J.: 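Let me give you the structure first, and then I'll get to my questions.
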There are 4 protein chains.
Amino acid sequence: MECSIETIAEVGYAQTSLGQIAKRANISKVVISYRFTNKKEIFAQIPIEYYKAWQSFITPQLEAQKRNASGVFLTFIAENRKHVFAVIETISNQRGADGKLLLASEHDETSLLPIENILTLGIKEGLLHEFNRSSARVMALTIRNAIDGFTIELMRQPHLDIKEFTRGLVIIFDASTKSNCH
Amino acid sequence: MECSIETIAEVGYAQTSLGQIAKRANISKVVISYRFTNKKEIFAQIPIEYYKAWQSFITPQLEAQKRNASGVFLTFIAENRKHVFAVIETISNQRGADGKLLLASEHDETSLLPIENILTLGIKEGLLHEFNRSSARVMALTIRNAIDGFTIELMRQPHLDIKEFTRGLVIIFDASTKSNCH
Amino acid sequence: MECSIETIAEVGYAQTSLGQIAKRANISKVVISYRFTNKKEIFAQIPIEYYKAWQSFITPQLEAQKRNASGVFLTFIAENRKHVFAVIETISNQRGADGKLLLASEHDETSLLPIENILTLGIKEGLLHEFNRSSARVMALTIRNAIDGFTIELMRQPHLDIKEFTRGLVIIFDASTKSNCH
Amino acid sequence: MECSIETIAEVGYAQTSLGQIAKRANISKVVISYRFTNKKEIFAQIPIEYYKAWQSFITPQLEAQKRNASGVFLTFIAENRKHVFAVIETISNQRGADGKLLLASEHDETSLLPIENILTLGIKEGLLHEFNRSSARVMALTIRNAIDGFTIELMRQPHLDIKEFTRGLVIIFDASTKSNCH
DNA sequence: AATGAATGAGCATTCATTCAT
DNA sequence: AATGAATGAATGCTCATTCAT
């Protein structure tokens, strides 16, 4: 799995073959077919492992410091950039026989809904200004796209000043969400 | 080219083969090899055509109504969603033999720099609050990611309420950029 | 197709791979995939070509000499032994994903029904003794099995005395079918 | 062995893999490789076990009721249809590296010679009309093919009326062999 | 005695590309 | 200008077998 993630992160989803992964893992190609029933299964495993890691990192962190969700997200990404990037690659490229994206809606549930929930909670507590249901979703999407974009930027520019970047994102979304600004 | 775009839009970059494109175009597969030296060349052409279309649409529009850049961008996308989506797919998947993304930095120049320039101009004119150079780039990236995310969302949900979505994005970035909010 | 037939005849259905056929045909393996959509399609073609050849050989012969159907059948087989054997191999080995024989019932229609029809006609004309419907089928099956067995024997022993063998079969089935014997 | 037989009977020789057998037997695949030196050895065992069962069933039966050999054969088959079918599949598909059928002549010795012997005996005793050596073999082959065909038909149509079918076969071969008919 | 792990060989198939026409 | 034919390379995958435990 680790090598799968690294391979995807390095050469991209489309170029990731069992052979590539095997070469990186220094094992025979068939070992992978032996452990997984499908190539699809390997790719499916990548988001699943990510969700687990995400869950076990995020939940306690968010409870500890309720006010800084963005910081928590971005810290996790910075520390797991390859895995997160592999997930993004997989999510946005894995398609069924009919050409439809297979994992997109599942990914929404795990990465979009939580953001929407945080926004909703913030509104209830009066910390965020009122969104209507539609604009809350747009806000959540925008935040997720910013986070994913952060991941991609991090992969392209490994020496990115993470703190600086994070601060930038926080300022942007604070301004957009804080109630005193409207 | 048209068929390439439609194929990418429908089945994604990774599943787009010369055969797929040829079948859609109702021509022989080799005709494509005949017109283009490479598969890479076809895909490279997609962003190029897009930039041209973008240029000839955007420039006059921006000059006509200086204050509503976001609206101009999103209108263009809504009307060229397949092409824009194909560009995003191509940009984020086309890689060289070394695994590096081939078109990403070129794409930045055409899609990121213009946004940065608009922001810089806004600051000069006092319409936007001061960004430092770093946060201006973060802002530009975030805006572009939001725009690209809009495209993707548009492809996944063809009946998306475009006006509503657009208004949501405008509000978000107005709040983040307008000087009176900090 | 010719090489497919020869390969099946020589190494059997189970050992016949595209590579084997290609080697025999002295062409690249992919040429076959290029001409046929499927491996299944090649195998499907073998009985089809056989039925055509059978039809164009049998029909005129049977009309010319109505009384000697067995002779007509066995002559055809002796002259097309490889093809007939390949058909038998294919018929009795080609199976679907569920494990069911795919071509057996289709083969019955082309090879069993005609025999049943000849028997029925013989009964009508008083040349053959009365079979009930069930025993007519058993008779037809037995004749077909004898004919197929002739093919297999012919492949195993290329120098088989065909005339002698044919005469033997004719005697057996004459005795079983002629009305004066019951 | 039992599972091998069932697997062959169900999916055919060509589709029978060690994995398939192991799955049916609920054991690890390598257990088979552990007990048998070869895949070939397993398949070779199937006819051997069959011959044993055949021997211990047929010999006493034939001695008890000398006149009804066909009935004895067909009864045995009806009661061991899966095994007999597996033998037929194995005999007609198992091939050596040179492509030659490995078990065919061995099978002839056990299944063809006995029939020839019965015919010869019948002739001696004046019960059957005179065959020359060649036609006796043809007769024996035809009977065996009829018997094998009965097995195959039994597998394809599990609700076959066995008695009816048996009676049909007996009539056919009685007419062909009884001396009073020529 | 039994088995999980591993592997080389072979399979059908897809693909971008070359070539001759 | 256009195309059918052909092909090497690579892909995901199955399989019988070996090995270490």
Side-chain angles (χ1 to χ4, degrees), chain A residues 4 7 11 13-23 25-43 94 97, chain B residues 4 7 11 13-23 25-43 94 97, chain C residues 4 7 11 13-23 25-43 94 97, chain D residues 4 7 11 13-23 25-43 94 97:
Chain A
S4 301
T7 307
V11 305
Y13 176 91
Q15 276 73 32
T16 298
S17 68
L18 296 191
Q20 288 267 353
I21 298 170
K23 201 190 295 173
N26 233 28
I27 54 172
S28 169
K29 188 173 67 168
V30 276
V31 179
I32 303 171
S33 291
Y34 170 69
R35 300 275 187 181
F36 299 88
T37 44
N38 257 341
K39 193 192 180 191
K40 211 187 287 182
E41 206 189 84
I42 308 170
F43 285 128
Q94 173 100 275
Chain B
S4 302
T7 306
V11 304
Y13 176 90
Q15 277 72 31
T16 298
S17 68
L18 294 192
Q20 288 261 355
I21 298 170
K23 200 189 296 173
N26 236 24
I27 55 172
S28 167
K29 189 172 66 167
V30 273
V31 180
I32 302 172
S33 292
Y34 177 68
R35 299 273 191 183
F36 300 87
T37 49
N38 253 338
K39 191 192 182 189
K40 217 181 284 183
E41 208 188 85
I42 311 167
F43 287 126
Q94 174 95 275
Chain C
S4 301
T7 307
V11 304
Y13 176 90
Q15 277 73 31
T16 298
S17 69
L18 296 192
Q20 288 267 354
I21 299 170
K23 201 190 293 173
N26 234 26
I27 54 172
S28 168
K29 188 173 67 168
V30 276
V31 179
I32 303 170
S33 290
Y34 171 68
R35 299 274 186 183
F36 298 88
T37 45
N38 256 342
K39 193 192 181 187
K40 211 185 289 179
E41 205 188 83
I42 308 170
F43 286 128
Q94 173 99 274
Chain D
S4 302
T7 306
V11 304
Y13 176 89
Q15 277 73 32
T16 298
S17 69
L18 296 192
Q20 289 261 353
I21 299 170
K23 202 190 291 173
N26 235 22
I27 54 171
S28 169
K29 189 172 65 167
V30 274
V31 180
I32 304 172
S33 293
Y34 176 68
R35 298 272 191 185
F36 301 88
T37 51
N38 253 339
K39 191 192 180 187
K40 218 180 282 183
E41 209 188 83
I42 310 169
F43 287 127
Q94 172 95 276

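Because the structure is a prediction, the values reported are computed rather than measured. Letters A, B, ... are given to chains in the order of the sequence lines, protein chains preceding strands, and every chain is numbered from 1.
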J.: Ignoring backbone atoms, test whether D:S28 places a side-chain nitrogen or oxygen under 4.0 Å from the OP1 or OP2 oxygen of E:dA2.
T.: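 Checking E:dA2 against D:S28, no side-chain N or O comes under 4.0 Å of OP1 or OP2.
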
J.: Which base, if any, makes a Watson-Crick or G-U wobble pair with F:dC13, both distances under 3.5 Å?
T.: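 Pair assignment: F:dC13 / E:dG10.
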
J.: Strictly below 4.0 Å: does D:N38 bring a side-chain N or O up to OP1 or OP2 of F:dT17?
T.: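 It does, given that an N or O in the side chain of D:N38 lies less than 4.0 Å from OP1 or OP2 of F:dT17.
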
J.: Locate the shortest heavy-atom distance separating D:L18 from D:S33; write the atom from each residue and the value.
T.: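 Closest approach of D:L18 to D:S33: CD1-OG, 3.9 Å.
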
J.: Under a 3.5 Å limit for both distances, which nucleotide forms a Watson-Crick or G-U wobble pair with E:dA2, could you say?
T.: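 Across any shown strand, E:dA2 pairs with F:dT21.
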
J.: Roughly how far, to the nearest 0.5 Å, is CD1 of B:I42 from CD1 of B:I21?
T.: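 If I round to the nearest 0.5 Å, the distance is 5.0 Å.
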
J.: Using atom NZ of B:K39 as one end and atom C1' of E:dT18 as the other, report the distance to the nearest whole Å.
T.: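 After rounding, the gap between these two atoms is 17 Å.
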
J.: Nearest whole Å is fine: how far is F:dG12 P from A:E41 CD?
T.: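 After rounding, the gap between these two atoms is 15 Å.
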
J.: Which heavy atom of D:A14 sits nearest a heavy atom of C:A14, and at what distance?
T.: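 Where D:A14 meets C:A14 most closely, the heavy atoms are CB-CB, 3.9 Å.
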
J.: Rounding to a whole Å, what distance do you find between B:L18:CG and E:dT18:C1'?
T.: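 Atom CG in B:L18 sits about 13 Å away from atom C1' in E:dT18.
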
J.: Between F:dT11 atom P and A:F36 atom CZ, what is the distance in whole Å?
T.: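 Answer to the nearest Å: 18 Å.
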
J.: Between A:A22 and A:K29, what is the shortest heavy-atom contact and its length?
T.: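 Smallest heavy-atom distance, with atoms named: CB-CA, 3.6 Å.
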
J.: Closer to the 5' end of DNA chain E via nearest nucleotide, is it B:T16 or C:G19?
T.: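 Final value for this comparison: C:G19.
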
J.: Is any side-chain N or O of D:Y34 closer than 4.0 Å to OP1 or OP2 of E:dA1?
T.: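 Yes, such a contact exists.
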
J.: Given that C:I27 and D:S33 both sit by DNA chain F, which one's nearest nucleotide is further toward the 5' end?
T.: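 Residue closer to the 5' terminus by nearest nucleotide: C:I27.
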
J.: Quick check on DNA chain F: between C:N26 and D:T37, whose nearest nucleotide comes earlier from the 5' end?
T.: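 That would be C:N26.
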
J.: Would you kindly give the CD-to-C1' distance between A:Q15 and F:dA9, to the nearest whole Å?
T.: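 Nearest whole value for this atom pair: 15 Å.
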
J.: Could you state the atom-to-atom distance from NZ of A:K29 to C1' of F:dT14 in whole Å?
T.: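 Between C1' of F:dT14 and NZ of A:K29: 12 Å.
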
J.: What is the distance from NZ of C:K40 to P of E:dC11, rounded to the nearest Å?
T.: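 To the nearest whole Å, that distance equals 19 Å.
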
J.: If we check side chain to side chain donor-acceptor pair (under 3.5 Å) with D:T37, which of these qualifies: D:E41, D:R35, D:K39, D:K40?
T.: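 One option only clears the test, and that one is D:E41.
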
J.: Nearest-nucleotide wise, let me know which of D:V31 and C:Q20 is further upstream toward the 5' end of DNA chain E.
T.: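 Going by which nucleotide is closer to the 5' end, it is D:V31.
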
J.: Can you check the C:R35 CZ to F:dT7 P distance for me, whole Å?
T.: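 Answer to the nearest Å: 10 Å.
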
